[in-house]
Asks: 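Just passing along the structure, written as structure tokens.
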Amino acid sequence: MFGKHNGPDTLWSHVSFGSEDSSWLPAGYLPLCSDNLPMPRPMESATVADILLRMGEGEDAGLCLVDCAAGTVIGSSWKYYSDGDLSKAFNDVIDTSERLANYGPVPMIGKVWDSPKCITRARWYGVFDYGITYQHQVREIQLQGSNDGTSWVTLGTLTITDDKVATIDYAGSAAFLQHRMRIPAAANDTTYILEAQFFTGEVGTTEVASLGFCPDFVSIKCRSRANRNWNLYDSQRGATKTLETNTVDMQNASGEFLKSFEPDGYTLGTGVHLNERSELFVDFCLKAGGSQGFEIATFSHVEGVETDLVHGFGKPVVFAFIKQTDGTDPWRIYHASLGESLGLKFDTSAATAMSWRNSATAFGIPHDVPTGLYVAYLFTDSDVFKPFSYTGNGVTDGPCVPIGGRVLGIPFLKGHGTTGWVSHDTRRVPVNADRAALYPSTAEAEYTASTDLLVYTSQGFKITTPATTWNESGVRYVGLAVLESTKYSNAF
């Protein structure tokens, strides 16, 4: 950047980033960027880290519920427990006070559409009984399509016994002007229909496409329900393969987990631990690269032999966690402030002896780690990732922790004593007073405190609770922070 500085009436005549040669400048102009004031350097964190909040879609992942007012209802009802108004089966209310009773050999209900639709899922909420006693019998329900109301094509069938909810999927692409759900061979008993629904879309996937980058690491946690594990995915091991920070279990693979990494996000399956219907989730997403300060390595290790992981940081690792993928050896965690002779685990235990080796080009795994296959997540101090440590004082006016920028998240924080791990981020808090905590070492739901736990500053955060998880007097705490993106990392 260049500017004339010959008086109060200065006019800026030229602005240029990326050029340090000022020899061409007219008399009276001096460079504003020099060795003492370096050129502003673009920061990469806008494309390497983000935290997403979402609601799970569960078994209806990827589907769109057809508006209950769309189309014209077809079917028949017996005026017994209802007024015979079939539209009540499409009012988005699953209510027995509005049940429609079909009495006869072939109960059915459906819609005539204004234009052809490809219905990929149909759901029937109802019950079969005789008189007033609930005598569930084996029934087959069909999803059918037609263009004239006379010739019907069966798109899917479901045999049920005592279930009151029947969900039928259609994997084809054919569109029809009419769809119906039908019981082809019912006895002369009563079929109560509480609600009927039709869906369009691709069954079983949730597209998360708002990142703007392809993540190499995704950590997912259900916030709203307990007994839901943390799920870690990465591009080195491949999509569908998960590890859990709250267990020591070996790697698990399932197509109902994270299905694939995409150019601007990822695709999820229907697994309850990462996409349970109507539950709240937080996804922590990172892009790997030596210049960003984060790398992922998969490797094999032989117990008693030194294994060194070569990295591209050009400086030592400051935080790392490794896990055996083909066995149950526990997580092992390195933090620079603890030195190369101590390490932590994802539990409440204090630091124990571990023999790390760390240099500007390689990171050494403790030689006593059992033989097996492993994954390592390595971090170094960068514009995006910052290690930190502080000593608790046990009072509400807790320590100020300088990080060097605005915090996006604190995925990992733990006391050196017997407290567990805790995770915070600025996406889950509407105001700058964080009371929401998640625990990477447990399957608990999100904890909301009655008082502030910490507040964020322009350069880090401040502890505002005497609780021992964050601020036990005399205890040393360690962690890793991820910074918010700014336009320039060294703007003046």
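Along the sequence shown, residues carry numbers from 1. This one's a predicted model, so the numbers in the text were calculated from it and none came from an experiment.
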Asks: Verify the ring-centre separation between Tyr170 and Phe199: is it less than 6.0 angstrom?
Replies: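 For Phe199 and Tyr170, the ring centres are not under 6.0 Å apart.
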Asks: Kindly determine whether Asp381 and Lys315 satisfy salt bridge (charged side-chain N to carboxylate O under 4.0 Å, His left out), including the steps that lead there.
Replies: CA-CA 8 Å; Asp381 193 321; Lys315 51 187 174 181; 5.2 Å; no
Asks: Going through the distances and angles, do Asp434 and His424 end up as a side chain to side chain donor-acceptor pair (under 3.5 Å)?
Replies: CA-CA 8 Å; Asp434 199 339; His424 292 274; 3.2 Å; yes
Asks: With ring pair (Phe, Tyr, Trp, His ring centres under 6.0 Å) as the criterion, how do Phe319 and Phe388 come out once you've worked through the C-alpha distance, each side chain's angles and the decisive distance to 0.1 Å?
Replies: CA-CA 10 Å; Phe319 184 82; Phe388 63 83; 9.2 Å; no
Asks: Of the non-hydrogen atoms in Gln324 and Gly372, which two are nearest, and what is the gap between them?
Replies: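 Closest approach of Gln324 to Gly372: NE2-CA, 3.9 Å.
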Asks: If you measure from CD on Glu484 to CZ on Arg427, what distance do you get to the nearest 0.5 Å?
Replies: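 The CD atom of Glu484 sits 4.5 Å away from the CZ atom of Arg427.
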Asks: Run the ring pair (Phe, Tyr, Trp, His ring centres under 6.0 Å) check on Tyr233 and Tyr266 step by step: do they pass?
Replies: CA-CA 11 Å; Tyr233 302 88; Tyr266 43 96; 8.7 Å; no
Asks: With under 30° as parallel and over 60° as perpendicular, where do the rings of Phe294 and Phe379 fit, or are they tilted in between?
Replies: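 Because their plane-to-plane angle is under 30°, the rings of Phe294 and Phe379 count as parallel.
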Asks: Please report the shortest heavy-atom distance between Ala445 and Leu438, naming the atom on each side.
Replies: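 For Ala445 and Leu438, the tightest heavy-atom pair comes out as C-CD2, 4.2 Å.
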Asks: Quick one: closest heavy-atom pair of Phe213 and Leu286, and the distance?
Replies: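 For Phe213 and Leu286, the tightest heavy-atom pair comes out as CE1-C, 4.1 Å.
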Asks: Provide the closest heavy-atom pair for Leu378 versus Ala320 in the form atom of the first, atom of the second, distance.
Replies: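 Heavy-atom minimum between the residues: CD2-CB, 3.7 Å.
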Asks: Can you list the steps and then say if Leu53 with Arg428 is a side chain to side chain contact (heavy atoms under 4.5 Å, CB included)?
Replies: CA-CA 7 Å; Leu53 306 181; Arg428 289 181 290 130; 3.5 Å; yes
Asks: How long is the span from the NZ atom in Lys345 to the OG1 atom in Thr352, to the nearest 0.5 Å?
Replies: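 If I round to the nearest 0.5 Å, the distance is 5.0 Å.
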Asks: Within this structure, what is the CD1-CZ distance for the pair Ile333 and Phe412, rounded to the nearest 0.5 Å?
Replies: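 Answer for the CD1-CZ pair, Ile333 versus Phe412, is 7.5 Å.
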Asks: Would you say the ring centroid of Phe363 lies under 6.0 angstrom from that of Trp356?
Replies: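 Ring centroids of Phe363 and Trp356 are less than 6.0 Å from each other.
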Asks: For a side-chain contact (heavy atoms from CB on, under 4.5 Å) with His301, tell me which candidate from Ile322, Val369, Leu373 qualifies.
Replies: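 The option that passes is Val369.
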Asks: Can you tell me how far the OG atom of Ser254 sits from the CG atom of Asn231, to the nearest 0.5 Å?
Replies: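 If I round to the nearest 0.5 Å, the distance is 10.0 Å.
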Asks: In terms of the angle between their ring planes, are Tyr374 and Phe299 parallel, tilted or perpendicular, with boundaries placed at 30° and 60°?
Replies: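 Aromatic pair Tyr374/Phe299 classed parallel.
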Asks: Aromatic ring centroids of Phe217 and Tyr377 under 6.0 Å?
Replies: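 Ring centroids of Phe217 and Tyr377 are less than 6.0 Å from each other.
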Asks: Determine the minimum heavy-atom distance between Glu279 and Cys222, stating which atoms define it.
Replies: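 Scanning both residues completely, I find the closest heavy atoms to be CB-SG, 3.9 Å.
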Asks: Indicate the atoms forming the closest heavy-atom contact of Gly415 with Thr419, along with that distance.
Replies: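 Nearest pair, atom of Gly415 first, then Thr419: N-OG1, 3.3 Å.
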